[in-house]
**Q** 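One structure is given below, represented as structure tokens, and several questions about it will come after.
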Amino acid sequence: MRTRFIDTSSFLYAGFAILAASLFAAFAFVGKQATDYRDVGQLIGEKQIQHSILDRLQEAESAQRGYLLTNDAAYLVPFDAATAHIAGDFDVLTRGSEPGEERDALDALRGLANEKLAEMRKTVELQASGRHEEALAVVRAGSGRASMERLRVGLDAKSARQQQMIDTQSRIVERSGSLLRAGAAIAISVTILIGAATIGLLRNRLNEIASAQAELRDVNVALSAEAAQREQLAEQLRQSQKMEAIGQLTGGLAHDFNNMLAVVIGSVNLAKRRLSTDPTETLRYLDGALEGAEHAATLTHRLLAFSRRQPLAPEPIDPNKMVSTMAEMLRRTLGEDVCLEAVFAGGLWRAFADPSQLETTILNLALNARDAMPQGGKLTIETSNAYLDENYSARELDIPPGQYVLIAVTDTGTGMNRDTVARAFDPFFTTKPAGRGTGLGLSQVYGFVRQSGGHVRIYSEQGLGTTIKLYLPRHHGPATVAPVAATHARSTPRSEKSETILIVEDDVRVRDLTADTLAELGYNVLAAESAAAALRQLEVCPNISLLFTDVVMPDTNGRKLAEEAWKRRPDLKILFTTGYTPNAVVHNGVLDPGVELIVKPYSIDRLARKVRDVLDGARAVPSETKTMRRKVLIVDDDAAVCEAMAELLRLENYEVCVASDGLRALEAAQTFKPDVALLDLGLPGMNGYETARRLRQLPEARDLLLLAATGAGGDEVRRLCEAAGFDLHLVKPIDLDTLKALIDGQRPHPTRSA
């Protein structure tokens, strides 16, 4: 049951509002009381000034009489002082009075005081001039006495009025004090009540929170159980989806292979029946069986391409030349209804990919585009340079940032909706009618591009057309581009002299068939079922010209056999064959340097040409046999990190040198002469940027692949790495497979212009 929280904030707000009002009223009363006290003080001060005026007049009058009686000038000192202060006292009273009757009465009193002062000043002047009798006569006249009496009466009346005001104001002050004390008592009472209410409400709220927490714990336990159950169901769903995908794949394989095997088996059976009666029909049936077998081989190659297990032989490619060379062939293939336009970028970088596979990829995309334009249309193949930044790479799966060569194939066909685009690369998914496609064309494209270290994207809108963009890795290194030439048909080559080929194959049927095929081509053939038997044959038969060995065998693989054979016969030429490409002769999807390979199944013509090419070509020993392994320089001031990475690379058969700072790295570059250098940017003394700049100035490191190891990425780090001469920066922790691919030259994405 859910706890219901009561909102008590309104009660607290009301209590605090009352408290605030009480405090405001208290402040108001305090201010008013201060004003009242100030008014009372002013009245008392004015009353004192009035008494002072009378006192000073009396002092002046006493001094005047003393001077008249004694003619002693000493009496004039208090006289002058008293008369001087009286004027100032009246000025103070005038400033404190309001205009009106009060001001007029005060002016009248000032006049009376001035009359009295004038009368006394006149007598003093007469006495000073020796006219004593005249001075006494003025005093006896009594005018000054009358002015003094009227002034006294006026000041007394004013003092009485002020006393009344003082009494009234005092009563007001007393009432304000009473109200203030009452307000303070109310405020204190309200504060106590609010505090008590707040404590009570908080206690209730804490109890409610404790109850809610207990309830929340129960709910969390229930949610955890539900989450575990959902995870279990999700795992079951994933397993079900995986099995469904495998089922779909095997179903598609079974369907296509059954169709092809039906053609092969049916054609062979019919050929056997017609062999003695109709040789012409027999030949036609055998051609049909061969065609079905070749279709099956094509399907297998496409599956290997999708699974990224086909052997690739990447090399620098000029895509402009390749597309230009293919253009005429594509125009004939696509037909007159399709208008082909090629748009070539100026200053295009070289791509690093397998040229034959790239040609097949472009052809597949062109054929798909033609099928999407049944009424005809326009096909555009465009090349350009491209850069994928880190924000884009973060949104994609396993797409490193860097420089790429872009080949875009655009058609004006029917286009695809969003669901179709999402499934376009799935194997055996096709929108074509039954019998019009296997659904492996785009799967092959996807597998080839990703295995090459690139990226592929589809942009399509229904009714407007489709663009497929191939992002191929940019080549970094010498500007050696193999010429793109059309493949011309040539006759099946045969042995022109007595040449002996040793076949090593554990499958007896394949071994016998291969032996018969090579014998048919005019070669002397020896056969061995294992590596041990092959080595014995090499020892007793010195005239063997070619070792033709399977890669996958039970006791040892073909690569180890080749290494042992080269130790005995350094001049021996070797041709590998396999139906699947394990890591014996292929690493990261790329053929090892110096390796010659023909993939099963193969036709007689393909086998004849490949054998002839190997026999007629120069003997190329793989790098491991020449002990010319890829050299890697690791520069890092953290010894533990440096040694751990070095050990991992040594286990992968790389030759590794380590340096702890920039100066040692420069020395190693001149003596060790590495192919690849991995530099930490935070080196002591000379940082990674400066070390890279100085490495680039060395003749030994001009073609060095420079990789920066950074703790964080970002555009600013990339810009600094480009300026320093780095080809790429990798963010720690560094993925070993990514590093191996870069070292092997599989995915070079240099940021430095070659």
**Q** I want to check something: taking the side chain as every heavy atom from C-beta on, are Leu615 and Tyr523 in contact at a cut-off of under 4.5 Å?
**A** yes
**Q** Among Val676, Leu678, Leu730, whose side-chain contact (heavy atoms from CB on, under 4.5 Å) with Leu742 holds?
**A** Leu730
**Q** Go through the steps for Glu505 and Thr514 under the test side-chain contact (heavy atoms from CB on, under 4.5 Å), then give the verdict.
**A** CA-CA 9 Å; Glu505 172 64 60; Thr514 304; 5.9 Å; no
**Q** How long is the span from the CZ atom in Arg350 to the NZ atom in Lys321, to the nearest 0.5 Å?
**A** 10.5 Å
**Q** Hey, does Leu330 have a side-chain heavy atom less than 4.5 Å from the side chain of Val323?
**A** no
**Q** Tell me, with the steps shown, if Val611 and Phe548 meet side-chain contact (heavy atoms from CB on, under 4.5 Å).
**A** CA-CA 9 Å; Val611 169; Phe548 184 35; 5.7 Å; no
**Q** Looking at Ile604, I want to see if its CD1 is surrounded by more than 12 non-hydrogen atoms of other residues, nucleotides or ligands under 6.0 Å.
**A**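 Incorrect, the count does not exceed 12.
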**Q** According to the salt bridge (Lys or Arg N to Asp or Glu O under 4.0 Å) rule, which pairs have a member within residues 456-468, sequence neighbours left out?
**A** Glu396-Arg457
**Q** For Glu328, which residues count as a side-chain contact (heavy atoms from CB on, under 4.5 Å) partner, sequence neighbours excluded?
**A**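 Scan of Glu328 (side-chain contact (heavy atoms from CB on, under 4.5 Å), adjacent residues dropped) gives Arg331, Arg332.
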**Q** Grab the two heavy atoms, one from Val405 and one from Pro319, that are nearest each other, plus how far apart they are.
**A** CG1-CG, 3.7 Å
**Q** Applying side-chain contact (heavy atoms from CB on, under 4.5 Å), name anything that partners Thr412, two or more places apart in sequence or on another chain.
**A**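 So Thr412 forms a side-chain contact (heavy atoms from CB on, under 4.5 Å) with Met373, Lys378.
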**Q** Rounded to the nearest 0.5 Å, how far does OG of Ser384 lie from CZ of Phe344?
**A** 12.5 Å
**Q** With sequence neighbours excluded, what pairs up with Asp506 under the side-chain contact (heavy atoms from CB on, under 4.5 Å) test?
**A** Asp550, Met553, Pro554
**Q** To check you understand the geometry: which heavy-atom pair defines the closest contact between Ile574 and Ala562, and what is its length?
**A**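 The answer is CD1-CB, 3.5 Å.
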**Q** Would you please name every residue forming a side chain to side chain donor-acceptor pair (under 3.5 Å) with Thr467, sequence neighbours left out?
**A** Thr410
**Q** Quick one: does Leu739's side chain get under 4.5 Å of Val632's, heavy atoms only?
**A** no
**Q** May I ask you to test the Tyr387-Arg718 pair for a side-chain heavy-atom distance under 4.5 Å?
**A** yes
**Q** Is any side-chain heavy atom of Arg370 closer than 4.5 Å to one of Leu379?
**A**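 The answer is no, as the side chains (C-beta and beyond) never meet within the 4.5 Å cut-off.
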**Q** Hey, are Thr420 and Asn417 close enough side-chain-wise for a donor-acceptor pair under 3.5 Å?
**A** yes
**Q** For Thr466, what residues pass the side chain to side chain donor-acceptor pair (under 3.5 Å) criterion, not counting sequence neighbours?
**A**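 In terms of side chain to side chain donor-acceptor pair (under 3.5 Å), with neighbours along the sequence ignored, Thr466 is linked to Ser460.
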**Q** For a quick test of reading the model, state the closest non-hydrogen atom pair linking Lys573 to Val614 and the distance between them.
**A** CD-O, 3.2 Å
**Q** List the residues meeting salt bridge (charged side-chain N to carboxylate O under 4.0 Å, His left out) with Arg511, not counting sequence neighbours, and say none if there are none.
**A**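 Salt bridge (charged side-chain N to carboxylate O under 4.0 Å, His left out) check on Arg511 returns nothing, list empty.
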**Q** Apply side-chain contact (heavy atoms from CB on, under 4.5 Å) to Arg509 and list each qualifying residue two or more places apart in sequence or on a separate chain.
**A**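 For Arg509, the residues satisfying side-chain contact (heavy atoms from CB on, under 4.5 Å) (neighbours in sequence not counted) are Asp507.
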**Q** To the nearest 0.5 Å, how far apart are CG in Leu707 and CD1 in Ile743?
**A** 7.5 Å
**Q** Report the C-alpha separation of Asn368 and Val409 in whole Å, then their side-chain angles, then the decisive distance to 0.1 Å, and conclude whether the side-chain contact (heavy atoms from CB on, under 4.5 Å) test is met.
**A** CA-CA 10 Å; Asn368 278 351; Val409 180; over 6 Å; no
**Q** Tell me, please, which residues at least two apart from Thr380 pass side chain to side chain donor-acceptor pair (under 3.5 Å).
**A** none
**Q** So, do Leu358 and Leu472 sit near enough that their side-chain heavy atoms are less than 4.5 Å apart?
**A**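 Of all side-chain heavy-atom pairs linking Leu472 with Leu358, at least one is under 4.5 Å.
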**Q** Using every non-hydrogen atom in the two residues, find where Leu363 and Met326 come nearest and quote the distance to one decimal.
**A** N-CE, 4.2 Å
**Q** Roughly how far, to the nearest 0.5 Å, is the NZ atom of Lys740 from the CZ atom of Arg630?
**A**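 Here the rounded value is 13.5 Å.
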**Q** Rounded to the nearest 0.5 Å, how far does CG of Leu340 lie from CG of Leu334?
**A**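 Going from CG on Leu334 over to CG on Leu340, the span is 6.5 Å.
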**Q** Tell me if a side-chain donor or acceptor on Asp727 pairs with a main-chain N or O of Leu706 at a distance below 3.5 Å.
**A**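 Checking the backbone N and O of Leu706 against the side chain of Asp727, a donor-acceptor pair under 3.5 Å is found.
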**Q** Distance check, rounded to the nearest 0.5 Å: Glu382 atom CD versus Lys469 atom NZ?
**A** 8.0 Å
**Q** Between the side chain of Asn320 and the main-chain N/O of Thr383, is any donor-acceptor distance below 3.5 Å?
**A** no
**Q** Might you point out which heavy atoms bring Leu728 and Pro401 nearest each other, and give the distance in Å?
**A**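 Leu728 and Pro401 have their closest heavy atoms at CD1-O, 3.5 Å.
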**Q** Identify, with sequence neighbours excluded, every residue that meets side chain to side chain donor-acceptor pair (under 3.5 Å) alongside Thr333.
**A** none
**Q** Only counting residues at least two apart or in another chain, list the ones meeting ring-ring contact (aromatic ring centres under 6.0 Å, His included) with Tyr471.
**A** His455
**Q** Is there a side-chain contact between Thr549 and Phe576, using heavy atoms and a 4.5 Å cut-off?
**A**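 Yes, at least one pair of side-chain atoms sits under 4.5 Å.
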